[in-house]
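Predicted model only: the values in this text are computed from it and were never measured. Residue numbers count from 1 along this sequence.
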Amino acid sequence: MSYQLAISAKPTYLHVEVTGENSRDTVARYMDEIVRLCEARNCARVLIEERLQGPRLGTLDVFSLAAAGSMRYLGTLKSLAYVDVNASGDTMQFAENVAVNRGFPVRVFTTVEAAEKWLLGEHQRAAGLAPESDAPAPRD
């Protein structure tokens, strides 16, 4: 296997650290495995901390993985926070845009702390404990 998963169950989400070789096949396989884990644990929120080694994927690979994955996992996951510790440039933002444009609830972050904060806010909003961040400001 070209990757390994380290799983940590948090109260409102699953934190998965992925290590191994960076390739299109690795990303597709670990995503399928993570979604199966989430389904088995009845957990609809996940933080993926990717620590894959090797050359970064090209734009076409990123596009096809984000497009296919967002359609395949839509409805299974309510929130996916993604941190690629080896990311460079704006490729991860591109992946987020591709997925979000297909209705998939993903956000890309540069730190695990920021991703955790967002996931907690998503959980609170879903539970009605926090105001919607996208709601318009009240008028006087």
Please report the interatomic distance CG(Leu47) to CG(Leu120), rounded to the nearest 0.5 Å. 12.0 Å
Taking the side chain as everything from C-beta on, heavy atoms only, tell me whether Ile34 gets closer than 4.5 Å to Val18. yes
Which residue, Asp32, Val46, Leu5, forms the side-chain contact (heavy atoms from CB on, under 4.5 Å) with Leu37? Leu5
How would you list, by chain and number, every residue that makes a side-chain hydrogen bond (donor to acceptor under 3.5 Å, both in side chains) with Asp84, sequence neighbours excluded? Arg56
Tyr73 reachable from Met71 in the ILVMFWY side-chain graph, under 4.5 Å edges: no
Between the main-chain N or O of Gln53 and the side-chain N or O of Asn22, is there a donor-acceptor pair closer than 3.5 Å? no
Output for pair (Cys38 SG, Ile7 CD1), nearest 0.5 Å, gives 9.0 Å
Sorted by chain and residue number, the side-chain hydrogen bond (donor to acceptor under 3.5 Å, both in side chains) partners of Glu49 (sequence neighbours excluded) come out as His15, Arg51
Using atom types as modelled, flag every donor-acceptor pair under 3.5 Å from a side chain in residues 99-116 to any protein atom, sequence neighbours excluded.
residue: Asn101; atom: ND2; partner: Asn97; partner atom: O; Å: 3.1
residue: Arg102; atom: NH1; partner: Val98; partner atom: O; Å: 2.9
residue: Thr111; atom: OG1; partner: Ala114; partner atom: N; Å: 3.1
residue: Glu116; atom: OE2; partner: Tyr13; partner atom: OH; Å: 3.1

For Ser2 and Arg29, which heavy atoms make the closest approach, and how far apart are they? OG-NH1, 3.7 Å
Ignoring hydrogens and geometry, is there a side-chain-to-backbone donor-acceptor pair from Thr26 to Glu21 under 3.5 Å? yes
What are the two closest non-hydrogen atoms of Leu14 and Ala9, and how far apart are they? CD1-CA, 3.9 Å
For Tyr82 and Glu96, test the side chains for any donor-to-acceptor distance below 3.5 angstrom and give the result as yes or no. no
Atom pair CZ (Arg45) and CG (Leu119), whose distance is rounded to the nearest 0.5 Å: 8.0 Å
To the nearest 0.5 angstrom, please state how far the CD1 atom of Ile48 sits from the CE atom of Met31. 4.0 Å
Which one of Leu57, Thr19, Val27 satisfies the side-chain contact (heavy atoms from CB on, under 4.5 Å) criterion with Leu52? Val27
Heavy atoms, side chains only, cut-off 4.5 Å: are Leu77 and Leu80 in contact? yes
